Trainee: 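Input: one structure, supplied below.
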2 protein chains.
Amino acid sequence: MEVKSQKKTPRRRSTRQRRVILQVLRSTKSHPTADWVYEQVRQEIPNISLGTVYRNLKLLRDMGEVMELSFGSTYSRFDGNPEPHYHFSCKDCGRVFDVDIPVAKELEDAVRRQHGWEVLYHRTEFYGCCNDCKQQQEEKQP
Amino acid sequence: MEVKSQKKTPRRRSTRQRRVILQVLRSTKSHPTADWVYEQVRQEIPNISLGTVYRNLKLLRDMGEVMELSFGSTYSRFDGNPEPHYHFSCKDCGRVFDVDIPVAKELEDAVRRQHGWEVLYHRTEFYGCCNDCKQQQEEKQP
DNA sequence: ATAAATGCAAAACTTTTGCACCCGA
DNA sequence: TCGGGTGCAAAAGTTTTGCATTTAT
């Protein structure tokens, strides 16, 4: 629920570590974990450290070069309502809200038709800025 | 990537701990973390252990009583393709695949209209059984 | 030169688990 | 009674971080 402070991003340097990490990620479709990336990169840079991999993954994600598949935080959140519904996560205050639009079951049919998989359900999270945070920003810069 | 073994679920007992945990989850819309639930339940059962909270959250999730908001695993996965696209996660083999259907931007409009939030993007994961796993199951039980 | 990036290791966090004891059905 | 559930504490697993050193620009 912490508010992110926005400081100017420093100019990025091109390092071998970062280049290889990106190259590993670009050359697989397996949606790997940080640890898998680490193992792969080690074959090219044996003494790279796991910390460097984590730092660069976060950086590359912030630079829009790669996508991180997670629910925003490192821990799970729980919802007392087990009925299928969508969620909205505010990037500024971190709160998660229920979304009040119907679940698009037709997307599941489209996936079935396209790939043949058995689709049981789907989950969608929207990301953006909630009304409270929008208002706060207006107050700061009118 | 591990395959889940399916053993018969034992008959569940109704314990005070489980009842209070569910009650806490049902009476909030804040999509709390396990730790927050723990703190709340402690106000009613001061000597409950965090392990019990985790065990029951997992149990309640498996019983379909609550929803867990996470990407399936406790760690992040990364995708070298930063372009918006959907994912499919096989519940049996754990692999994650790219989904080849167009992103439903119109859902974002619907959320905007309904709630007024500024929506930047959304992410959708489908869950089910992939073709490899479907075939393996057929071989076992023809 | 100088600020960003790295390697290493320790630390921080979240989640799981082994085990003896407890308790609900 | 009896097997599921709990408390406690240790362990596991993932991610972050402090610091001295290296390196890209």
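Note on naming: letters A, B, ... go to the chains in the order of the sequence lines (proteins, then strands), and numbering restarts at 1 for each one. Note that this is a predicted model, so its numbers are computed, not measured. Side chains are part of it too, since the values below use all heavy atoms of this structure and drop only hydrogens, waters and symmetry mates.
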Trainee: With nearest nucleotide decided by heavy atoms, which residue, B/Ser76 or B/Arg18, maps closer to the 5′ end of DNA chain D?
Mentor: B/Arg18

Trainee: Can you find a pair of side-chain heavy atoms, one from A/Lys58 and one from A/Asp62, that are under 4.5 Å apart?
Mentor: yes

Trainee: Considering only side-chain heavy atoms of B/Pro10, which listed nucleotide, C/dT16, C/dA5, D/dG4, is closest?
Mentor: D/dG4

Trainee: Quick one: which of D/dG7, C/dG7, C/dT14 gets closest to the side chain of A/Thr52?
Mentor: C/dG7

Trainee: Name the closest nucleotide to the A/Thr15 side chain, picking from D/dC2, C/dA5, C/dG7.
Mentor: C/dA5

Trainee: Can you measure B/Arg19 atom CZ to C/dC23 atom P for me and round it to whole angstrom units?
Mentor: 13 Å

Trainee: Would you say the side-chain atoms of A/Asn131 and B/His115 include a donor-acceptor pair closer than 3.5 Å?
Mentor: no

Trainee: Should the heavy atoms of other residues, nucleotides or ligands under 6.0 Å from CD of B/Glu106 be counted, would the total exceed 12?
Mentor: yes

Trainee: Any N or O donor-acceptor pair under 3.5 Å from the base of D/dG4 to the side chain of B/Arg13?
Mentor: yes

Trainee: Round to the nearest Å and state the distance from B/Arg61 atom CZ to C/dT15 atom C1'.
Mentor: 12 Å

Trainee: State, yes or no, whether a side-chain contact exists between B/Thr28 and B/Trp36 at a heavy-atom distance under 4.5 Å.
Mentor: yes

Trainee: Which is more 5' along DNA chain C, the nucleotide nearest B/Gly51 or the one nearest B/Arg12? Just name the residue.
Mentor: B/Gly51

Trainee: Would you kindly check whether a donor in the side chain of A/Arg55 faces an acceptor in the base of C/dG7, or vice versa, at under 3.5 angstrom?
Mentor: yes

Trainee: Rounded to the Å, how far apart are B/Arg11 CZ and D/dG3 P?
Mentor: 10 Å

Trainee: Name the residue closer to the 5' end of DNA chain C, choosing between A/Gln17 and A/Leu50 according to the nucleotide with the nearest heavy atom.
Mentor: A/Gln17

Trainee: From the list C/dT14, C/dA25, C/dG7, which nucleotide is the closest neighbour of the side chain of B/Ser14?
Mentor: C/dA25

Trainee: Is the side chain of A/Ser27 donor-acceptor paired with the backbone N or O of A/Val24 at a distance under 3.5 Å, no angle test?
Mentor: yes

Trainee: Please figure out whether A/Thr33 or B/Asn56 has its closest DNA chain D nucleotide nearer the 5' end.
Mentor: B/Asn56

Trainee: Out of D/dT15, C/dT15, D/dG18, which has the shortest distance to the side chain of A/Ala34?
Mentor: D/dT15

Trainee: What's the closest nucleotide to the B/Asn47 side chain, out of D/dC19, D/dG7, D/dT14?
Mentor: D/dG7

Trainee: Can you confirm whether or not the ring centre of B/Trp117 sits under 6.0 Å from the ring centre of A/Phe126?
Mentor: no

Trainee: What integer distance in Å separates A/Glu68:CD from D/dT14:C1'?
Mentor: 12 Å

Trainee: What's the OH-C1' distance between A/Tyr75 and C/dT16, to the nearest Å?
Mentor: 19 Å

Trainee: Counting only side-chain heavy atoms from C-beta out, which of C/dG18, C/dG7, D/dG4 sits nearest to A/Ser49?
Mentor: C/dG7

Trainee: Nearest-Å distance, NZ (A/Lys58) to P (C/dA5)?
Mentor: 13 Å

Trainee: Nearest whole angstrom, please: distance from the P of C/dC8 to the CD1 of A/Ile48.
Mentor: 10 Å

Trainee: Does B/Tyr54 make a side-chain N or O approach to OP1 or OP2 of C/dT15 shorter than 4.0 Å?
Mentor: yes

Trainee: What integer distance in Å separates B/Leu57:CG from C/dT15:C1'?
Mentor: 11 Å

